[in-house]
Undergrad: 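Let me begin by handing over the structure; questions about it come next.
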Amino acid sequence: MQKISVLLFLAWVCFLFYAGIALFTSGFLLTRLELTNHSTCQEPPGPGSLPWGSQGEPRACWMASRFSRVVLVLIDALRFDFAQPQRSHMPGEPPVSLPFLGKLGSLQRILETQPHHARLYRSQVDPPTTTMQRLKALTTGSLPTFIDAGSNFASHAIVEDNLIKQLTSAGRRVVFMGDDTWKDLFPGAFSQAFFFPSFNVRDLHTVDNGILEHLYPTMDSGEWDVLIAHFLGVDHCGHKHGPHHPEMAKKLSQMDQVIQGLVERLENDTLLVVAGDHGMTMNGDHGGDSELEVSAALFLYSPTALFPSAPPEEPEVIPQVSLVPTLALLLGLPIPFGNTGEVMAELFSGSEDSQPHSSALAQATALHLNAQQVSRFLHTYSAATQDLQAKELHQLQNLFSKASADYQWFLQSPQGAEATLRTVIAELQQFLRGARAMCIESWARFSLSFLLLHLLAAGIPITTPGPFTVPWQAVLAWALMATQTFYATGHQPVFPAIHWHAAFVGFPEGHGSSTWLPALLVGANTFASHLLFAVGCPLLLLWPFLCEGQGLRKTRKPPGNEAEARVRPEEEEPLMEMRLRDAPHHFSAALLQLGLKYLFVLGVQILACTLAASILRRHLMVWKVFAPKFIFEALGFIVSSVGLLLGIALVMRVDGAVSSWFRQLVLAQQR
């Protein structure tokens, strides 16, 4: 067989596996069509007139704005318990002493002294808990796809409708300072921006100090409508030291001083939002869906009264994307087209002096606008693709139609219908929560197309004629050693266990603005065992020669007539790999057979992984265990197959050089 034919055939087999992996990825992981539609003030989300009080109001769109300005302080990895008020321990119980407890004391003081002006929420985050995906959710209100976690290294501009787009379209001045990820997500969207490199997790202070240099002067200048500050020190401290290190206490204390300074400068028409994009594990990592990773803090404050009642004893749990429609309506903006979040109705209740009837009506109005927007999105999305389940979609639309009809009936005869208004609110909330649940479920559907291609690839014959056959047990042991080495070097097939520090090996000061080099270093560290064992796989061809040599030594008889042996030296068999010189065509066949066997073993591994993920696709732990395992297994297969092709090509190149030298040696001896 020609050597190039062997490589081409193996590459074709690899392509079949790649195609199967791609099909399974598109069918199993969270996938959805990104619509480019945008909400506008000129086009209401549904039939009917605009809500009461919004017609003719300055800066009013679907609903009259309640605030003219917003200060959004995004503290990366601000876990909920970092902001939770520290409670006095019960008598007889030992006091709890953790470095991060009680460091955001200004939040607790505000909640106690101004209960109608502030709220602390537990923000429930959708996995994956990586920064880029969280920023997408916090601005679009949509669900990021699971596979997007890999693009956390290289962010791309958001094409979906989002809050930043709506703000700039309305002529609002948006000023940003902090994490340079925003520069790639929203290129050219800010009236003024101060970007700082974000990837060097060992640097706790450069980004935060850069923000503080510009934060208060910018705020005092008044040349802004929305001010966004994205601090990274807490997140970097978690990666470098963990949440229980004294440095975390210092960082949280610094954030507390920042919040105090902002509160002192707020005007009555300004809303302060302090939010974490995600949490962190006990080791300071994030990316998965553990309770500590998906639990973030959300704090709202305004110098004017926001809420008619005091905060509950335990903070309310809300989905993180609920912030998107809430901020949009509070600022008098359209809700982004693809939003799936539910407005925080409590913020539309008015002050503590508001009448219960008017508060309930304001909540119902906000929820109805939100429900109209979500209904429009579902209708548009279902017309563009068949992802959504038709039966559930029909039930939800019926629920929305009933709630909308009840709401319109109430507006026509508002007297003596308090119970009807409460029913409308409950129906609208049921619709919004049901729509979000359907989207999460529908965008994680399984496709069987992978199995067909995998069976086709696995069905390729892998027994080729020739005397040099590597035993199955050797190939299996080699593949299992690659997997064992992956775990033995401290790796796990979950995102929080990725060795991010490998990105700085040889680059202790960081990489500047480059993202491909750190991604390459992390990838090389993670899949080093797959690459090394795949490149070294052709060395298994020495296995039968080694066994043959050992067998000959064991069965060799004592020498007899030495003179006879000297007379007939040409009858001796060549030993071990020198036999390849007698049958060079067998060498290519042996390489092909070995390559197919190794790909078959790797294919069985990823097939088992996909079967587990598909069978347990509705399991509670699917996104914590099975989806990350599939991603790691798929990437490992790609790395291994490429390494195998490189290893076989290298061995063929060496064999060609040795064959050329051997021919020259034979010719020299014949002369």
Side-chain angles (χ1 to χ4, degrees), residues 30 32 34-35 37-39 45-46 61-63 66 70 72 74 80 119 121-129 133-145 148 158 160-167 271 273 275-278 294-300 315-348 363-381 388 396 399-400 403 425-443:
L30 282 174
R32 61 181 176 86
E34 291 189 347
L35 301 179
N37 306 59
H38 290 78
S39 300
C61 187
W62 294 357
M63 195 173 190
R66 187 171 180 183
V70 168
L72 173 59
L74 193 63
F80 173 73
R119 277 290 189 279
Y121 297 93
R122 182 192 294 267
S123 180
Q124 195 72 17
V125 178
D126 297 309
T129 51
Q133 286 67 41
R134 294 299 90 228
L135 295 183
K136 283 186 175 181
L138 282 168
T139 53
T140 65
S142 61
L143 289 168
T145 57
D148 270 351
I158 295 178
E160 289 184 285
D161 195 9
N162 57 80
L163 278 178
I164 306 300
K165 173 69 175 177
Q166 291 295 340
L167 287 165
L271 175 67
V273 180
D277 58 342
H278 53 74
V294 301
S295 180
L298 174 61
F299 177 78
L300 304 178
E316 182 183 353
V317 179
I318 62 167
Q320 187 182 55
V321 293
S322 296
L323 186 63
V324 174
T326 303
L327 286 181
L329 294 183
L330 288 176
L331 290 171
L333 299 172
I335 300 175
F337 191 90
N339 165 73
T340 59
E342 173 192 342
V343 293
M344 301 158 64
E346 189 180 22
L347 282 164
F348 299 89
Q363 292 183 30
T365 301
L367 286 168
H368 186 250
L369 282 170
N370 188 190
Q372 284 183 314
Q373 169 265 316
V374 172
S375 176
R376 182 184 63 177
F377 166 69
L378 294 179
H379 177 76
T380 305
Y381 189 92
L388 301 178
L396 285 172
L399 177 60
F400 169 72
I425 292 176
E427 290 174 343
L428 292 171
Q429 290 177 330
Q430 183 182 356
F431 165 75
L432 290 168
R433 294 166 188 176
R436 176 172 163 77
M438 181 190 65
C439 290
I440 294 175
E441 181 180 3
S442 299
W443 292 334

Undergrad: Can you find a pair of side-chain heavy atoms, one from Thr326 and one from Phe348, that are under 4.5 Å apart?
TA: yes
Undergrad: Strictly distance-based, threshold 3.5 Å: is any side-chain N or O of Thr340 a donor or acceptor partner for the main-chain N or O of Gly141?
TA: yes
Undergrad: Identify the heavy atoms of Val374 and Ala435 that sit nearest to each other, and give their distance.
TA: CG1-CB, 3.8 Å
Undergrad: Would a distance-only check, ignoring hydrogens and angles, find a side-chain to backbone donor-acceptor pair under 3.5 Å from Arg122 to Leu298?
TA: no
Undergrad: Hey, are the side chains of Glu160 and Leu35 touching, using non-hydrogen atoms and a 4.5 Å cut-off?
TA: no
Undergrad: Of the non-hydrogen atoms in Ala364 and Leu428, which two are nearest, and what is the gap between them?
TA: O-CD1, 3.8 Å
Undergrad: Pairing donors with acceptors under 3.5 angstrom, does anything connect the side chains of Asn370 and Glu342?
TA: no
Undergrad: Could you measure the distance from the CG atom of Leu378 to the CG atom of Leu388? Nearest 0.5 Å is fine.
TA: 6.0 Å
Undergrad: Can you confirm whether Met344 sits close enough to Tyr121 that some side-chain heavy atom of one is under 4.5 Å from a side-chain heavy atom of the other?
TA: yes
Undergrad: Quick check: do Phe337 and Thr380 have side-chain heavy atoms less than 4.5 Å from each other?
TA: yes
Undergrad: Could you tell me whether the side chain of Gln373 and the main chain of Asn339 form a donor-acceptor pair under 3.5 Å?
TA: yes
Undergrad: Determine whether Ile335 and Pro45 make a side-chain contact, defined as any pair of heavy atoms from C-beta on separated by less than 4.5 Å.
TA: no
Undergrad: Measuring only between side-chain heavy atoms, which start at C-beta, is Leu74 closer than 4.5 Å to Leu135?
TA: yes
Undergrad: Between Ala296 and Gly276, which heavy-atom pair has the shortest distance, and what is it?
TA: CB-O, 3.4 Å
Undergrad: For salt bridge (Lys or Arg N to Asp or Glu O under 4.0 Å), just list the numbers for Arg119 and Glu346, CA-CA rounded to whole Å, side-chain angles, deciding distance to a tenth of an Å, and then say yes or no.
TA: CA-CA 10 Å; Arg119 277 290 189 279; Glu346 189 180 22; 3.0 Å; yes
Undergrad: Of all heavy-atom pairs between Ser142 and Gly338, which one has the smallest distance, and what is that distance?
TA: CB-O, 3.8 Å
Undergrad: Measure the shortest side-chain to side-chain distance between Leu167 and Leu331 over non-hydrogen atoms and say whether it is less than 4.5 angstrom.
TA: yes
Undergrad: Considering only heavy atoms from C-beta outward, does the side chain of Pro336 approach that of Thr140 to under 4.5 Å?
TA: no
Undergrad: Using 0.5 Å steps for rounding, measure from the CG atom of Leu327 to the CG atom of Leu271.
TA: 6.5 Å
Undergrad: Val321 vs Arg436, test: side chain to side chain contact (heavy atoms under 4.5 Å, CB included). Steps then yes/no.
TA: CA-CA 10 Å; Val321 293; Arg436 176 172 163 77; 3.5 Å; yes
Undergrad: Ignoring hydrogens, what is the shortest heavy-atom contact between Leu138 and Leu163? Give both atom names and the distance.
TA: O-CD1, 4.0 Å
Undergrad: For the atom pair CZ (Phe80) and CD (Gln124), what is the distance rounded to the nearest 0.5 Å?
TA: 11.0 Å
Undergrad: Would the distance check show the side chain of Asp161 and the main-chain N or O of Ser39 forming a donor-acceptor pair, the cut-off being under 3.5 Å?
TA: yes
Undergrad: I would like to know whether Ser375 and Leu396 meet side chain to side chain contact (heavy atoms under 4.5 Å, CB included); could you show each step before the answer?
TA: CA-CA 9 Å; Ser375 176; Leu396 285 172; over 6 Å; no
